[in-house]
Amino acid sequence: QVQLVESGGGLVQAGGSLRLSCAASGRTFSDYNMGWFRQAPGKEREFVAQISWSGHSTYYGDSVKGRFTISRDNTKNTVYLQMNSLKPEDTALYYCAAGLYGNNLARRYDYWGQGTQVTVSS
């Protein structure tokens, strides 16, 4: 089992920045690819970003490319999502997820956090 706890969400004005964190406990964090997903009310869950177990490769959803950066610190069992140039359409509940073979598909992830709310005002 892997337990994931997200933090860092909040209310920010358009154009602002937030940094989300996801702390993991349980099994060996560095075994897992990590992903961030988001879900807005009435919409399907959307892939945001993924980082490999080593941190050497990253992958982003088209809507966040160039604005968001995913990173991880395996010594702290934590994955981060730096979000810059935020837009109102980025408003959603943001989830982190862990999967041995995690990619851009939610079904490839085995463990999920409870989510942290990000609200971007115009």
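Just so it is clear, the values below take in all heavy atoms, side chains as well, and ignore hydrogens, waters and symmetry mates.
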Output the distance between atom [atom1] ([X]) and atom [atom2] ([Y]), rounded to the nearest 0.5 Å.
X	Y	atom1	atom2	result
Asn33	Ser57	CG	OG	7.0 Å
Met34	Asn74	CE	CG	9.5 Å
Leu4	Phe29	CG	CZ	8.0 Å
Gln114	Gln3	CD	CD	11.5 Å
Lys87	Ser63	NZ	OG	8.0 Å
Cys22	Tyr94	SG	OH	14.5 Å

_Checking Ser17 against Asn84: is there a side-chain donor and acceptor pair closer than 3.5 Å?_
yes

Side chains of [X] and [Y]: closer than 4.5 Å at any heavy-atom pair?
X	Y	answer
Met83	Val48	no
Ile70	Trp36	yes
Leu81	Phe68	yes

Between [X] and [Y] (side chain of the first, backbone of the second, donor and acceptor by atom type, cut-off under 3.5 Å), is there such a pair?
X	Y	answer
Glu6	Gly115	yes
Thr78	Lys76	yes
Asn77	Ala23	no
Tyr109	Asn103	yes
Thr28	Ser30	no
Ser85	Gly15	no

*Kindly check if the number of other-residue, nucleotide or ligand heavy atoms within 6.0 Å of OH (Tyr59) is above 12?*
no

*asked:* With a sphere of 6.0 Å drawn around CZ of Arg27, does it hold more than 12 non-hydrogen atoms of other residues, nucleotides or ligands?
replied: no

Do [X] and [Y] belong together in a cluster built from hydrophobic side chains that touch within less than 4.5 Å?
X	Y	answer
Tyr101	Val2	yes
Val64	Phe47	no
Leu100	Tyr111	yes

*Walk me through it: do Leu20 and Thr116 pass the test side chain to side chain contact (heavy atoms under 4.5 Å, CB included)?*
CA-CA 8 Å; Leu20 305 184; Thr116 185; 4.0 Å; yes

*asked:* If you compare all heavy atoms of Ala40 against all heavy atoms of Ala92, which two are closest, and at what distance to 0.1 Å?
replied: N-CB, 3.9 Å

*Residue that, paired with Arg38, satisfies salt bridge (Lys or Arg N to Asp or Glu O under 4.0 Å) out of Glu89, Glu46, Glu44*: Glu46

*Do Trp53 and Asp31 pass the side chain to side chain contact (heavy atoms under 4.5 Å, CB included) test, and can you show the C-alpha distance, the side-chain angles, and the key distance before you say yes or no?*
CA-CA 6 Å; Trp53 62 271; Asp31 285 347; over 6 Å; no

*Is any NZ, NE, NH1 or NH2 atom of the basic residue among Asp62 and Lys65 found under 4.0 Å from an Asp or Glu carboxylate oxygen of the other?*
yes

*For side chain to side chain contact (heavy atoms under 4.5 Å, CB included), just list the numbers for Ile51 and Val79, CA-CA rounded to whole Å, side-chain angles, deciding distance to a tenth of an Å, and then say yes or no.*
CA-CA 9 Å; Ile51 188 165; Val79 62; 4.1 Å; yes

*For the rings on Tyr95 and Phe37, is their centre-to-centre separation under 6.0 Å?*
no

*Check step by step if side chain to side chain contact (heavy atoms under 4.5 Å, CB included) holds for Arg67 and Asp90.*
CA-CA 11 Å; Arg67 299 189 298 122; Asp90 293 317; 2.7 Å; yes

